[in-house]
Amino acid sequence: MNKTPEPGENRSLNFIETIIEEDLKNNTYGGRVHTRFPPEPNGYLHIGHAKSICLNFGLAEKYRGLCNLRFDDTNPEAEDVEYVDSIKEDVQWLGFQWHKELYASDYFEQLYDWAEMFIREGKAYVDDQPADVISQQRKSPTEPGVESPFRDRSIEENLDLFRRMRKGEFAEGEKVLRAKIDMRSPNMHMRDPIMYRILHKEHHRTGNQWCLYPMYDWAHGQSDFLEGITHSICTLEFEVHRPLYDWFLDQITTDTYRPKQREMARLNLNYTIMSKRKLLKLVKEGYVKGWDDPRMPTISGFRRRGYTPESIRTFSERIGVAKRENVIDTAFLEHCLREDLNKRARRVMGVINPVKITITNFPEGQTEWLDAVNNPEDPEAGTRKVPFSGTLYIEQDDFMEEPHNKFYRLSPGREVRLRYAYFITCREVLKDDQGNITEILCTYDPETRGGDSPDGRKVKATLHWVSAEHALKTEVRLYDRLFRNENPDDVSEGEDFTVHLNTDSLQIKEAFTEPSVQGAKPLTHYQFERLGYFNVDPDSTPEKMVFNRTVTLKDDWAKIASKS
RNA sequence: UGCCCGAUGGUGUAACUGGCAACACGUCUGACUCUGGAUCAGAAGAGUCUAGGUUCGAGUCCUAGUCGGGCAACCA
């Protein structure tokens, strides 16, 4: 069997691992495995990048290899240090450490030297034509391209022109350097691809040192080569670039060592979008509050939302790696999240839609501090004290005046348990003039302190609650999916993905929580019992805690309720 | 009309050199429970894009199609 034992999980190899193990067996790279994660610093990383990060760094870990973080910064127009910083933070947050932090711009000089070599060998030429003419000459995929009239310039003239391009003697767009390959190639990328364009732009690292910038195809494979990369993993759309990737490498070296490009399908998630351009639009046009808005599929968004790096890594591992297009169900990501949070999140009680309960037979003015378990999944987490008194809040949903048969929470005459506290029985319901419930009067059984009845009496429901007098007023931000449509790109003529935006994706509420959460640090995870996982938002102040609802608990009752 | 990929339950991913299609999510039952959570047990759901062929035997090999995606930025 094609299996490799792994800690925790035992799964078969994905196609890239199969290739690597084959290379290891054949000693293709002297036993080396060296990958790289090559983001362009022109935006924030999203969950799709997380898949690539986990793959590249994960492969290096698994095969005791190395993984570089390499910024693909060949286009100064959109790139910025702000993005470099956020990318580094995100990679580290996911729990990975790069072997080296590198930049394609580190290789500008070497790339330039090779380009001159190309010219001297008659493999590259300076083209004076404007972009639209070059584009037209390339023709369409179904017909051969036309050669540029500048294609056969002399080596001397090319060299002179290219050097003057570097010196800044020409305006943007005036000249480009092209590789001389084959204008009739059925592969568009081989039709004399552009290697350099003139850009009089300041670069975030090289400043004004250059006005000549290499194109992706010219920079990427060469960077891989210079770094000793063995397996260069990218997404499917680069498949047609591979012949060019290999061609460039063939020109610069006769070594047997070659980095090899492999393509995998990118991650798609339903009910969300993954395009950087579209995410930018959401930010720029104010549909969300920023790149790290908890509704965004960015890594920083997930972090702020309360996702754990472990859950994202587990997710990335389990979705697998293949070449076919795929759309992963967001429910699967949420499953990985809940699985992780269930083990680590401390439980607390908080009430979001309160209704007042008065315990009529509870001693007036008295407070009792009851023991509550912090995490039933983790005995090490210990216990805490929770204040109980005669005036409480419970969730409106936990009371029904005329319950139907499946509802077994509080209702008139019925006894339920208050978690870690007492059994209470509903005696009377008070209403205002409009008939809205204003207060529920209950009695409690002092014998059931802690939540168990000495006579073995059973109740069907256990409710969470909070003591009114002791409750902390907090803000909770309830998030829902950003898009109503499973595929936000599924739009009719003239529309764009924003038509599917869920206008109700954020609901801000005031909630009452038990006092123990006061002062918790931003990003601390909690489970609000029976409601969901929440985490502390950085917007929290000493006066007002702010919580993000990361994800609800699985809720079978909600299914039953929605059916009836 | 060219070139390059891909196609397995609703969704993902598996199935060593051909040997009864498996796992996970989701869905549905039930058990248990001081969270209608967690946990546990079980069920339904594909005969592997189509048609031929090779073979005792094909998801795996061959042929021809079909469908889907990508490729014509001085973006990556």
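Owing to the predicted nature of the structure, the values given are computational and were not obtained by experimental measurement. The basis for the numbers below is simple: all heavy atoms, side chains too, and nothing from hydrogens, waters or symmetry mates.
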**Q.** Watson-Crick and G-U pairing of RNA chain B written in dot-bracket, each distance under 3.5 angstrom, with | for inter-strand partners
**A.** .((((((..((((.....[..)))).(((((.......))))).....(((((..]....))))))))))).....
Q.
One character per nucleotide, please: for nucleotides 40-49 of chain B, 5' to 3', B when the base has a protein heavy atom closer than 4.0 Å, S when only the sugar-phosphate does, - otherwise.
A. ----------
N/O-N/O pairs, protein side and nucleotides 70-76 of chain B side, under 3.5 Å:
from  : atom 1 : to     : atom 2 : distance (Å)
B/C71 : O2'    : A/H189 : NE2    : 3.1
B/A72 : O2'    : A/K139 : O      : 3.4
B/A73 : OP2    : A/S135 : OG     : 3.0
B/C74 : OP2    : A/R138 : NH2    : 2.8
B/C74 : N4     : A/Q129 : O      : 3.0
B/C74 : N4     : A/A131 : N      : 3.0
B/C74 : N4     : A/G173 : O      : 3.1
B/C75 : OP2    : A/R197 : NE     : 2.9
B/C75 : OP2    : A/R197 : NH2    : 2.7
B/C75 : O3'    : A/R197 : NH2    : 3.3
B/C75 : O2'    : A/N75  : ND2    : 3.1
B/A76 : OP1    : A/T74  : OG1    : 2.6
B/A76 : OP1    : A/R197 : NH1    : 3.4
B/A76 : OP1    : A/R197 : NH2    : 3.0
B/A76 : OP2    : A/Y216 : N      : 2.9
B/A76 : O3'    : A/D72  : OD2    : 3.4
B/A76 : N6     : A/H241 : NE2    : 3.3

Q | Partners meeting side-chain contact (heavy atoms from CB on, under 4.5 Å) with A/R164 (sequence neighbours left out) | A | A/D160, A/L161, A/E169, A/F170
Q: Please list, chain by chain and in numerical order, all residues satisfying side-chain hydrogen bond (donor to acceptor under 3.5 Å, both in side chains) with A/D340, sequence neighbours excluded.
A: A/T308, A/R344
**Q.** Which residues share a side-chain contact (heavy atoms from CB on, under 4.5 Å) with A/K406, sequence neighbours left out
**A.** A/H404, A/W557, A/I560
Q | Residues in side-chain contact (heavy atoms from CB on, under 4.5 Å) contact with A/T206, at least two apart in sequence or another chain | A | A/S105, A/F108, A/H203, A/Q209, A/W210, A/Y213
Q.
For A/K343, give me all partners under salt bridge (Lys or Arg N to Asp or Glu O under 4.0 Å), at least two apart in sequence or on another chain.
A. none
Q | Pairs where residues 187-197 of chain A contributes a residue and the test salt bridge (Lys or Arg N to Asp or Glu O under 4.0 Å) is met, not counting sequence neighbours | A | A/R151-A/D192
Strictly under 3.5 Å: I want the nitrogen or oxygen pairs between protein and nucleotides 17-21 of chain B, one per line.
none

Contacts under 3.5 Å, N or O only, protein and nucleotides 22-28 of chain B:
from  : atom 1 : to     : atom 2 : distance (Å)
B/U27 : OP1    : A/K559 : NZ     : 3.1
B/C28 : OP1    : A/K563 : NZ     : 3.1
B/C28 : OP2    : A/K559 : NZ     : 3.4

Q.
Which residues pass the side-chain contact (heavy atoms from CB on, under 4.5 Å) test with A/E22, not counting sequence neighbours?
A. A/K25, A/N26
